[in-house]
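These numbers come from the heavy atoms of this one structure, side chains and all, not from hydrogens, waters or symmetry mates.
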Amino acid sequence: QELRNLALGGKNELRNGNFANDLANWTIHDLTNDTGTVKSVSCVKGKTEWVPSGKVALQIRGTNATDRYGVISSDMYLNPNTEYVISGYCAGHRVGKVQVNVRDIDNSSANIFTLNITPVNGGNTLDKWHRFESVFTTTSRTRFALNLYGVNLANDGYAWFTDVQIQEGN
């Protein structure tokens, strides 16, 4: 998909999408029905087996967690009926897929955009991660939020995200 009308160095509408401020502007969003599984969300500083040096990554971890588990951003105020580009990096280990959702907060948090990424892999350099980039269009409302999920985490499964951005344009 070719991107047009996107300003390089433009404003990132997503606060703390690089996770430099730990989980500031993010809260856990658990859609699993699993009460007995171990689940956690944290930020991991780079130079590990799975996170590149110089990066901070959101780490979503679960054991036998079915459905979606991850985080939701604080509210973003976006222009109505406007195209935006969402981009970033993700990785996974023992996870069915990684998912990115945009929600319309003032419409019962309805999903207006879903990006499923599978198969997922990762490693200690960004070239081993999956770079995602896609265009979505807002609704007639102005208040939105972003979900980052690991879906169907197996025994000691992980999903990671870093450098997530939302910019107006296409």
Fill in: Hydrophobic cluster identity match, I112 and I105, side-chain contacts under 4.5 Å
no
Worksheet, complete the sentence: Scanning both residues in full, the closest heavy-atom pair of A91 with G122 reads CB-CA, 3.7 Å
Worksheet entry | Intermediate values then yes/no, side chain to side chain donor-acceptor pair (under 3.5 Å), N81 and S140 | CA-CA 5 Å; N81 303 310; S140 61; 5.3 Å; no
Worksheet item: Okay, side chain of Y84, backbone of N79: is any donor-acceptor separation there less than 3.5 Å?
Response: yes
Worksheet item: If you take all heavy atoms of D75 and R15, which pair is closest and at what distance?
Response: O-NH2, 3.1 Å
Worksheet entry | Close aromatic pair by centroid cut-off 6.0 Å: F19 and W26 | yes
Worksheet item: Ignoring hydrogens and geometry, is there a side-chain-to-backbone donor-acceptor pair from D163 to G88 under 3.5 Å?
Response: no
Worksheet item: Would W160 end up clustered with V71 when hydrophobic side chains under 4.5 Å apart are linked, directly or stepwise?
Response: no
Worksheet item: Would you find a donor on one side and an acceptor on the other, under 3.5 Å apart, between the side chain of S53 and the backbone of K47?
Response: no
Fill in: Nearest heavy atoms of I166 and I86, plus distance in Å
CG1-CG1, 4.0 Å
Practice prompt. Establish whether V151 and V102 are linked, either directly or via other cluster members, by ILVMFWY side-chain heavy-atom contacts under 4.5 Å.
Written response: no
Worksheet item: Is V164 reachable from L78 through a run of hydrophobic residues whose side-chain heavy atoms are each under 4.5 Å from the next?
Response: yes
Worksheet item: Any cation-pi pair here, R61 with Y158, using under 6.0 Å and within 45°?
Response: no
Practice prompt. Starting from the C-alpha separation in whole Å, work towards a yes-or-no answer on side chain to side chain contact (heavy atoms under 4.5 Å, CB included) for D67 and Y149.
Written response: CA-CA 9 Å; D67 208 346; Y149 291 124; over 6 Å; no
Discussion item. When you compare the side chains of T63 and D156, does any donor N or O come within less than 3.5 Å of an acceptor on the partner?
Written reply: no
Worksheet item: Given side chains that start at C-beta, do those of C90 and I117 come closer than 4.5 Å, heavy atoms only?
Response: yes
Worksheet item: Is W129 reaching over with its side chain to a backbone N or O of G123, donor-acceptor style, under 3.5 angstrom?
Response: yes
Worksheet item: What closest approach, in Å, do Q99 and R68 show between heavy atoms, and which atom pair accounts for it?
Response: OE1-CD, 2.8 Å
Discussion item. Just verifying a value: how many Å separate M76 CE and R143 CZ, rounded to the nearest 0.5 Å?
Written reply: 11.5 Å
Worksheet entry | Nearest-0.5 Å distance that lies between atom CZ in F144 and atom OG in S109 | 11.0 Å
Discussion item. Any side-chain to backbone donor/acceptor pair from N111 onto R103? Under 3.5 Å, distance only.
Written reply: no
Item to complete: Supply the atom-to-atom distance D22 CG to S42 OG, rounded to the nearest 0.5 angstrom.
Response: 8.0 Å
Worksheet item: Which atoms form the tightest heavy-atom contact between A159 and V98, and what is the distance?
Response: CB-CG2, 4.1 Å
Worksheet item: When you measure from the side chain of N12 to the backbone N and O of L14, does any donor-acceptor pair fall under 3.5 Å?
Response: yes
Item to complete: Might you point out which heavy atoms bring I60 and L148 nearest each other, and give the distance in Å?
Response: CD1-O, 3.5 Å
Item to complete: Go through the steps to decide whether L126 and T162 satisfy the test side chain to side chain contact (heavy atoms under 4.5 Å, CB included), and finish with yes or no.
Response: CA-CA 10 Å; L126 272 186; T162 194; 4.2 Å; yes
Worksheet item: So how far is it from E133 CD to Q167 CD, rounded to the nearest 0.5 Å?
Response: 9.0 Å
Fill in: Side-chain heavy atoms of Q59 within contact of C43, under 4.5 Å
no
Discussion item. If you apply the rule salt bridge (charged side-chain N to carboxylate O under 4.0 Å, His left out), what do you find for D106 with R141, and how did you get there?
Written reply: CA-CA 7 Å; D106 292 324; R141 295 168 187 80; over 6 Å; no
Worksheet item: Should Y89 and H130 be marked as a side chain to side chain donor-acceptor pair (under 3.5 Å) after you check the CA-CA gap, both sets of side-chain angles, and the distance that decides it?
Response: CA-CA 6 Å; Y89 290 90; H130 178 84; over 6 Å; no
Worksheet item: How far apart are the C-alpha atoms of N124 and T48, what are their side-chain angles, what is the distance that settles it, and do they pass the side chain to side chain contact (heavy atoms under 4.5 Å, CB included) test?
Response: CA-CA 6 Å; N124 61 0; T48 71; over 6 Å; no
Worksheet entry | N155 side chain to N64 backbone, donor-acceptor under 3.5 Å | no
Practice prompt. Output, in order, the C-alpha distance, side-chain angles, deciding distance and verdict of side chain to side chain contact (heavy atoms under 4.5 Å, CB included) for L153 and R94.
Written response: CA-CA 6 Å; L153 295 151; R94 293 192 287 256; over 6 Å; no
Worksheet item: Within a strict 4.5 Å, meaning less than it, do heavy atoms of the L146 and I72 side chains meet?
Response: no
Discussion item. Quick check against the 3.5 Å criterion: does T137 have a side-chain atom that pairs as donor or acceptor with the backbone of T82?
Written reply: no
Discussion item. Would you say L115 ends up clustered with L58 if hydrophobic residues are merged whenever their side chains have heavy atoms under 4.5 Å apart, either directly or through other cluster members?
Written reply: yes
Worksheet item: So, T118 side chain and G96 main chain: donor-acceptor pair closer than 3.5 Å or not?
Response: yes
Discussion item. With a 3.5 Å distance limit and no angle check, can you tell me whether D104 reaches the backbone of S108 through a side-chain donor-acceptor pair?
Written reply: no
